[in-house]
Amino acid sequence: MIHVHHLENSRSQRVIWCLEELGVDYELVTYRRDPETMLAPASLKEVHPLGKAPVITDEGRDGRAVAESGAILEYLVERHDEEGRLVPVAGSDARERYRFWLHHAEGSAMPPLVMRLVFSRLGKPPVPGLMRPLGRQFAKGVERRFLGPRLRELSAFWNVTLAESSWFAGDSFSAADIQMSFPILALESRGGLADLPHLADFLARCRAREAYRRAVDVGGKFSVV
């Protein structure tokens with residue numbers, strides 16, 4: 001049995017989606033964020049020293065804990081995707097693309113999106129009232145000079161990629177699409193996809209998948225925190 005340690009409003013929805021695609025039995029263990037700090041509870045550190053989600057424990061392997069989204073997806077695919085539904089054939093061009101996008105999602109895509117979220121909160125509580133105007137001005141400067149240009153560059157790259165194929169690794173859906181869905185959802189929620197039609201079409205295809213809908217039913221609406 002796989003236990004998915006699911007923190008509300010976190011990236012762990014992707015793990016649920018992957019398990020639903022694979023048809024693997026799992027049990028959800030849900031954790032709530034601290035309402036003031038929005039941090040994970042200390043109890044998650046009992047599962048993994050970092051105390052962050054996503055993390056899974058595999059009772060079939062003596063309760064082994066596996067953390068980090070990409071590592072978890074690779075772990076699940078290696079052990080439960082005997083038919084190769086979520087990973088292209090080894091040695092193929094599609095496999096090289098798959099590997100790149102599986103790691104690009106967290107390595108290059110999510111950091112500026114998380115930074116945008118963090119800076120957007122500088123003008124809001126719990127930042128002291130007298131500091132909020134300065135915080136807002138600082139955030140605008142970072143957005144204008146760094147985050148905005150970087151995210152436009154990244155999103156254009158994703159859009160061009162999906163203009164050439166239906167999915168990130170090629171014409172077949174893979175775990176790389178599960179991984180890349182999150183930065184695109186974040187982009188949609190914080191800026192929109194009006195000028196990025198291929199990204200919008202990608203999300204529509206994701207949302208049409210039965211496993212995606214089941215994952216939302218189980219873990220809640222996909223968050224972009």
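These values consider heavy atoms only, across backbone and side chains, with no hydrogens, waters or symmetry-generated copies.
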Heavy-atom check, side chain of Glu59 versus side chain of His3, under 4.5 Å | yes
Closest contact, heavy atoms only, Pro112 versus Leu154 | CG-CD1, 3.8 Å
Side-chain (Arg33) to main-chain (Ala40) donor-acceptor, under 3.5 angstrom = no
Over all atoms of both residues, closest heavy-atom pair of Ala53 and Leu44 = N-CD1, 4.2 Å
Between Pro183 and Gln179, which heavy-atom pair has the shortest distance, and what is it?
-> CD-O, 3.5 Å
Measure across Val87 and Val77 and return the closest heavy-atom pair with its distance rounded to 0.1 Å.
-> CG1-CG1, 3.6 Å
Minimum heavy-atom distance between Ala186 and Ser189, given as atom pair plus value = O-OG, 3.0 Å
Is it true that Val66 and Val47 fall in one hydrophobic cluster, defined by side-chain heavy atoms closer than 4.5 Å?
-> no
Side chain to side chain, Arg190 and Leu117, heavy atoms closer than 4.5 Å | yes
Minimum heavy-atom distance between Asn159 and Leu199, given as atom pair plus value | OD1-N, 3.4 Å
When clusters are formed by joining ILVMFWY residues with side-chain heavy atoms under 4.5 Å apart, either directly or through shared neighbours, do Met110 and Leu102 land in the same one?
-> yes
Under the side chain to side chain contact (heavy atoms under 4.5 Å, CB included) criterion, do Leu187 and Trp158 qualify, and how do the steps go?
-> CA-CA 11 Å; Leu187 193 67; Trp158 307 336; 4.1 Å; yes
Ring-face cation contact, Phe119 with Arg116, 6.0 Å cut, 45° max = no
Compare all side-chain heavy atoms of Phe173 with those of Arg85 and state whether any distance is below 4.5 angstrom.
-> no
Just checking, any donor-acceptor pair under 3.5 angstrom between side chains of Thr30 and His6?
-> no
Quick one: does Arg136's side chain have a donor or acceptor within less than 3.5 Å of a partner on Gly123's backbone?
-> yes
Would you find a donor on one side and an acceptor on the other, under 3.5 Å apart, between the side chain of Asp58 and the backbone of Ile2?
-> no
Counting only N and O atoms by type, is there a donor-acceptor contact under 3.5 Å from the side chain of Arg214 to the main-chain atoms of Glu21?
-> no
Picking from Val15, Val29, Val55, what satisfies side chain to side chain contact (heavy atoms under 4.5 Å, CB included) with Val4?
-> Val15
Note, Ser181 side chain near Arg14 side chain (heavy atom, < 4.5 Å) | yes
Donor-acceptor pair, Arg205 side chain versus Ser166 backbone, under 3.5 Å?
-> yes
Which value, rounded to the nearest 0.5 Å, describes the distance between Ile16 atom CD1 and Ile56 atom CD1?
-> 12.0 Å
Straight-line distance of Ser43 OG to Arg32 CZ, nearest 0.5 Å | 12.0 Å
What's the verdict on side chain to side chain contact (heavy atoms under 4.5 Å, CB included) for Glu188 and Leu203, showing C-alpha distance, side-chain angles and the deciding distance?
-> CA-CA 9 Å; Glu188 179 190 53; Leu203 288 185; 3.7 Å; yes
Does Val118 belong to the same Ile/Leu/Val/Met/Phe/Trp/Tyr cluster as Phe182, with side-chain heavy atoms less than 4.5 Å apart forming each link?
-> yes
Which pairs with one or both residues in residues 186-212 pass ring pair (Phe, Tyr, Trp, His ring centres under 6.0 Å), sequence neighbours excluded?
-> Trp17-Tyr212, Trp167-Phe202, Phe168-Phe202, Tyr212-Phe222
Leu122 side, atom CG; Lys124 side, atom NZ - distance, nearest 0.5 Å = 10.0 Å
Using the side chain to side chain contact (heavy atoms under 4.5 Å, CB included) rule, take Arg207 and Arg213 through it: C-alpha gap first, then chi angles, then the decisive distance, then the call.
-> CA-CA 7 Å; Arg207 287 166 170 149; Arg213 294 197 293 265; over 6 Å; no
Which ring pair (Phe, Tyr, Trp, His ring centres under 6.0 Å) pairs, counting each pair once, include a residue from residues 23-74, with sequence neighbours left out?
-> His5-Tyr31
CA sep, side-chain torsions, deciding dist, call: Arg61, Glu78, salt bridge (charged side-chain N to carboxylate O under 4.0 Å, His left out) = CA-CA 14 Å; Arg61 303 198 69 191; Glu78 286 175 4; over 6 Å; no
Thr161 side chain vs Phe157 backbone, donor-acceptor pair below 3.5 Å | yes
Let me know which of Ser92, Ser165, Ser174 forms a side-chain hydrogen bond (donor to acceptor under 3.5 Å, both in side chains) with Arg97.
-> Ser165
Please step through salt bridge (charged side-chain N to carboxylate O under 4.0 Å, His left out) for the pair Glu74 and Arg99, ending with a clear verdict.
-> CA-CA 10 Å; Glu74 285 193 288; Arg99 182 179 295 111; 6.0 Å; no
Quick one: are Val24 and Cys18 in side-chain contact, heavy atoms under 4.5 Å?
-> no
Should Ile184 and Leu113 be counted in the same cluster of Ile, Leu, Val, Met, Phe, Trp and Tyr side chains packed under 4.5 Å apart?
-> yes
Just wondering, are more than 12 heavy atoms of other shown residues or ligands nearer than 6.0 Å to CG in Asp195?
-> no
Are more than 12 heavy atoms from other residues, nucleotides or ligands located less than 6.0 Å from atom CD of Glu143?
-> yes
Leu19 and Leu76: CA distance, side-chain angles, deciding distance, side chain to side chain contact (heavy atoms under 4.5 Å, CB included) verdict | CA-CA 8 Å; Leu19 286 163; Leu76 294 175; 3.9 Å; yes
Min side-chain heavy-atom separation Asp201-Leu162 under 4.5 Å = no
Using distance alone, with no hydrogens and no angle criterion, decide if Ser69 and Arg11 have a side-chain donor and acceptor under 3.5 Å apart.
-> no
